[in-house]
Participant: 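The structure under discussion is supplied below as structure tokens; questions concerning it will follow.
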2 protein chains.
Amino acid sequence: MYGINSHPDVIVNMPREIIPANDFAPCDSVDTALALGEAFMSKKSAKPKTDENRKVRSTLDLAKYLGLSEWTVSRAINGHPEVKQATRERVLAAMQELGFQPNPLARGLNGKSTGLIGICFGHPRSPLVVDKIASLDEFLHEKSYRGVLAISTQNPEAEKTILSDFRRMRVDGVILIQSYSQRDEIDRWLGGLPAVHVDPVEPEIGPSVYFDRKQAMHLLVDHLYTLGHRTFGALGFSASNPWRWNGLVSALEDHGLNPAKCLRSFVLPSPGIESYADGIQLAEIVLSSKKPPTALMAVNDLVGIGAARHLVDCKFQIPGDFSLTGFDDLDVGQYVVPSITSINQSPRISMRRAVEILLKTIANPSSREIATIDPILKIRKSTGRHGHR
Amino acid sequence: MYGINSHPDVIVNMPREIIPANDFAPCDSVDTALALGEAFMSKKSAKPKTDENRKVRSTLDLAKYLGLSEWTVSRAINGHPEVKQATRERVLAAMQELGFQPNPLARGLNGKSTGLIGICFGHPRSPLVVDKIASLDEFLHEKSYRGVLAISTQNPEAEKTILSDFRRMRVDGVILIQSYSQRDEIDRWLGGLPAVHVDPVEPEIGPSVYFDRKQAMHLLVDHLYTLGHRTFGALGFSASNPWRWNGLVSALEDHGLNPAKCLRSFVLPSPGIESYADGIQLAEIVLSSKKPPTALMAVNDLVGIGAARHLVDCKFQIPGDFSLTGFDDLDVGQYVVPSITSINQSPRISMRRAVEILLKTIANPSSREIATIDPILKIRKSTGRHGHR
DNA sequence: CTGAAAGCGCTTACAG
DNA sequence: CTGAAAGCGCTTACAG
């Protein structure tokens with residue numbers, strides 16, 4: 001339905017039925033159109049009411065078919081108050097029956113909704129992206145929107161291009177996921193286009209969905225501290241990843257620890273795609289360091305699993321020698337040995353909120369709603385007391 | 001660039017720069033437009049040539065700016081032969097410089113290219129989908145197309161709706177990945193829209209990319225047979241998955257084995273999402289069966305890893321007691337214990353071919369190119385001689 | 001090549 | 001509510 005109702009609370013379910021491409025017969029005269037209308041309505045119509053003889057292809061056709069004016073049909077479809085309820089229902093019912101939908105391109109040309117939502121992922125390589133995309137697809141379809149997907153791969157230049165394209169194709173709104181660009185730049189690129197940010201690197205000052213990474217780091221540190229750990233290693237992230245790092249630092253301080261002494265960061269000289277192979281390399285670095293920390297906190301599950309794999313291969317015990325945490329709560333984390341303690345980010349809920357907030361922002365551009373997603377700690381076999389074998 | 005060249009071999013790189021939404025000043029008179037043109041061209045123009053004073057927003061503006069007619073500009077952009085090379089280059093250069101692009105909506109309304117490609121995934125839950133989406137995004141962007149993504153979740157009704165929507169938004173073509181619908185139905189829903197099928201369930205009779213699953217099953221069986229295995233179990237698929245099953249049967253027959261005797265199928269009463277949990281359940285079923293086969297072939301890596309996990313938990317040796325193969329060659333397969341023998345499907349190459357073939361089909365609808373992607377066997381630690389501990 | 005015009009399928013003032 | 005019309009930004013015959 002391409003969001004063509006201006007009454008968001010009255011969602012009309014119009015079927016999206018097929019419109020054969022080759023059966024177009026324009027209705028040039030009112031007579032033809034009326035004859036057509038009769039054919040549709042006549043109970044003893046020779047032809048069955050199949051897709052093949054559905055000739056209502058424009059609002060003008062529909063208007064003729066219903067004996068209304070184009071004006072009325074347009075207003076009815078767009079939920080304007082000038083047309084009375086009974087007429088509107090008649091129009092909507094006919095659309096249902098005929099499977100007719102106004103052409104979104106023509107709507108877009110007139111500055112109306114196209115039913116398109118631009119989706120821009122900053123970081124495509126996480127397995128969570130599949131869940132997010134599937135969820136977005138589901139929630140967007142529920143509201144009769146379509147997602148136009150693009151991936152910027154953390155490249156601001158690409159992001160600029162993508163947003164420009166979104167504007168050019170007149171999307172109704174944009175969902176930006178893990179954007180790495182400057183907030184003010186993005187706003188400039190958007191040029192007023194409604195947008196919701198999900199987990200931006202820059203602090204959120206507009207409509208956004210914000211996963212509480214600081215709390216997540218607190219949950220992990222609390223868990224490890226309770227198990228007796230006093231030395232911590234960050235695997236694959238450092239102070240250059242402020243959200244993770246600052247959360248980690250503040251969590252340590254909350255326990256009376258001095259991060260300068262108890263926290264070390266292990267990063268690769270040339271960071272890869274934060275996957276297993278990185279984890280293995282990072283574990284090598286940890287092992288080659290003096291007095292490695294006992295609690296290792298990986299930037300994500302893949303790195304964590306890779307690191308665990310290398311440590312186990314080197315005959316270290318997890319959690320006897322090292323406790324190890326991941327991040328993301330991927331399914332796979334439960335099926336590796338040892339299963340990996342992690343943080344669940346509720347990607348599905350997060351996407352649901354993103355769609356909700358975007359639609360609110362489209363309806364009311366001054367809305368600046370922010371949703372916070374709470375982390376969930378998943379304790380598994382990769383964390384335990386140090387020295388317990 | 002929205003595919004606005006009718007000469008596919010001459011891809012013009014036009015910048016997609018930002019178009020501020022609020023600075024629109026329509027050029028109502030030729031005078032205004034010319035003055036504008038002068039301002040653009042004057043070297044001592046007061047205002048710098050920023051986004052802010054870029055006022056060429058339509059082909060008409062561009063035509064006035066260049067002192068050409070709208071007709072010429074349109075023809076130049078669309079690569080028609082009537083306009084001579086020098087003029088075309090001038091137009092194209094001005095577009096570059098001004099960052100102007102014709103409005104794709106208006107083009108679409110006129111039955112021209114919108115630059116949109118519909119992408120429909122039938123099976124969203126595989127981790128490979130991320131790779132496929134990222135690859136499609138990359139290759140489509142290279143050709144200045146945009147992907148509109150939808151997921152049908154193996155529901156023909158949803159697929160019908162999605163294809164109808166694609167037509168309504170005038171996509172230039174469709175990429176259907178793992179569609180579960182009937183081929184003739186799809187063709188009807190497409191109504192002539194150019195499309196390429198990737199790994200359809202129905203045999204491919206149009207433009208398509210076809211992963212050679214039969215050969216894949218042969219590679220696996222050859223490998224297992226060479227290792228001495230004579231009894232085989234299919235984990236998570238049966239004769240209802242014809243490609244897998246028929247390939248498996250023919251491979252066994254090629255080795256002189258009788259599938260009726262040496263092949264058993266293990267499937268869940270209510271199949272899940274073909275992930276780890278399914279694998280665990282399937283392994284339970286295998287273990288509870290009489291004389292379980294020694295070679296287990298999982299429908300995919302996740303199921304294989306889950307099954308392996310359960311077998312190991314039950315103190316069976318892999319590959320001592322069971323050899324186990326997966327399918328997909330997910331990264332994770334290398335990092336579990338034991339690492340899992342699998343089949344690589346070259347998803348990136350597959351997507352590249354899909355885009356290539358689609359663009360060829362758009363350019364020439366009678367083209368019916370079919371690409372075959374060869375499987376690659378990845379031998380890892382989960383397969384070996386039976387009884388070797 | 002130019003110029004003037006119609007048309008794609010909508011939306012929206014404008015007068016009745 | 002109707003009717004006649006202009007406009008969104010393009011493309012495309014049509015006459016010169």
Side-chain angles (χ1 to χ4, degrees), chain A residues 1-6 19 21 24 26-28 30 55-64 66-91 95 100-115 167-170, chain B residues 1-6 19 21 24 26-28 30 55-64 66-91 95 100-115 167-170:
Chain A
M1 202 182 39
Y2 296 99
I4 46 181
N5 291 294
S6 61
I19 307 175
F24 181 59
C27 301
D28 288 319
V30 176
K55 297 282 188 275
V56 172
R57 308 293 298 279
S58 67
T59 47
L60 185 57
D61 290 349
L62 219 210
K64 287 175 178 169
L66 290 170
L68 297 171
S69 74
E70 213 179 348
W71 186 96
T72 311
V73 168
S74 178
R75 302 304 251 201
I77 293 174
N78 288 289
H80 287 236
E82 296 96 324
V83 28
K84 61 188 169 199
Q85 193 58 25
T87 312
R88 184 197 321 288
E89 278 163 12
R90 233 184 107 218
V91 172
M95 288 174 70
F100 168 74
Q101 299 268 200
N103 182 327
L105 266 48
R107 289 177 52 83
L109 240 199
N110 284 293
K112 304 290 286 189
S113 159
T114 53
R167 290 181 55 186
R168 187 170 298 125
M169 67 177 70
R170 304 294 193 273
Chain B
M1 201 183 36
Y2 296 98
I4 46 181
N5 292 291
S6 61
I19 306 175
F24 180 59
C27 301
D28 289 319
V30 175
K55 297 282 188 276
V56 172
R57 307 293 298 279
S58 66
T59 46
L60 186 56
D61 290 350
L62 220 210
K64 288 174 178 169
L66 290 170
L68 297 171
S69 74
E70 213 181 348
W71 186 95
T72 311
V73 168
S74 178
R75 303 303 252 200
I77 293 174
N78 288 290
H80 287 236
E82 297 96 325
V83 28
K84 60 187 169 199
Q85 192 58 24
T87 312
R88 183 197 324 284
E89 278 164 13
R90 232 183 108 217
V91 172
M95 289 175 68
F100 167 75
Q101 297 267 205
N103 182 327
L105 266 48
R107 288 176 53 81
L109 241 199
N110 284 292
K112 303 291 284 188
S113 159
T114 53
R167 289 181 56 185
R168 187 170 297 124
M169 66 177 71
R170 305 293 193 274

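Sequence lines set the chain letters: A, B, ... in the order given, protein chains first and strands last, and positions in each chain run from 1. We use all heavy atoms of the structure for the numbers below, so side chains are in, but hydrogens, waters and symmetry mates are not.
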Participant: Please confirm whether the shortest side-chain N or O distance from B/R107 to OP1 or OP2 of D/dT11 is below 4.0 Å.
Facilitator: yes

Participant: So how far is it from A/M95 CE to A/L62 CG, rounded to the nearest 0.5 Å?
Facilitator: 6.5 Å

Participant: Which heavy-atom pair separates A/R168 from B/P104 by the least distance, and what is that distance?
Facilitator: CG-CD, 3.5 Å

Participant: According to a strict under-4.0 Å criterion, is B/H80 in side-chain N/O contact with OP1 or OP2 of D/dT12?
Facilitator: yes

Participant: Does D/dG3 have a Watson-Crick or wobble partner in any strand here, with both distances under 3.5 angstrom, and which is it?
Facilitator: C/dC14

Participant: Check whether any side-chain nitrogen or oxygen of A/K112 sits under 4.0 Å from OP1 or OP2 of D/dC8, and answer yes or no.
Facilitator: no

Participant: If you assign each of B/L68 and B/R170 to its closest nucleotide in DNA chain C, which residue comes earlier from the 5' end?
Facilitator: B/L68

Participant: Under 4.0 Å from OP1 or OP2 of D/dG9: is there any side-chain N or O of B/T59 that close?
Facilitator: no

Participant: Separation of B/L60 atom CG from C/dG3 atom C1', in whole Å?
Facilitator: 12 Å

Participant: For D/dT11, take OP1 and OP2 only and decide whether either is under 4.0 Å from a side-chain N or O of B/S74.
Facilitator: yes

Participant: Is there a side-chain polar atom (N or O) of A/N103 under 4.0 Å from OP1 or OP2 of C/dC8?
Facilitator: no

Participant: Send over the distance from B/R168 CZ to C/dC8 P, rounded to a whole Å.
Facilitator: 19 Å

Participant: Rounded to the nearest Å, what distance is computed from the CD atom of residue B/E82 to the P atom of nucleotide D/dT12?
Facilitator: 10 Å

Participant: Given C/dG9, D/dC10, D/dG3, which nucleotide is nearest the side-chain atoms of A/N110?
Facilitator: C/dG9

Participant: Going from CG on A/N78 to CZ on A/R107, what distance comes out if it is rounded to the nearest 0.5 angstrom?
Facilitator: 5.0 Å

Participant: Out of C/dG3, D/dG3, D/dC10, which has the shortest distance to the side chain of B/S69?
Facilitator: C/dG3

Participant: Ignoring the backbone of A/L109, work out which of C/dG7, D/dT12, D/dC8 is nearest its side chain.
Facilitator: D/dC8

Participant: Considering residues at least two apart in sequence or located in another chain, which fulfil the salt bridge (charged side-chain N to carboxylate O under 4.0 Å, His left out) criterion with A/R170?
Facilitator: none

Participant: Just to verify, what does A/A106 make a side-chain contact (heavy atoms from CB on, under 4.5 Å) with, not counting sequence neighbours?
Facilitator: A/N103, B/L109

Participant: Could you state the atom-to-atom distance from CD of B/Q101 to C1' of D/dT11 in whole Å?
Facilitator: 17 Å

Participant: Judged by each residue's nearest nucleotide on DNA chain D, which is more toward the 5′ side, A/E70 or A/V83?
Facilitator: A/V83

Participant: Specify the residue among A/L105 and A/W71 whose closest nucleotide of DNA chain C lies further upstream toward the 5′ end.
Facilitator: A/L105

Participant: For the pair made of CZ in A/R75 and C1' in C/dC10, what is the distance, rounded to whole Å?
Facilitator: 13 Å

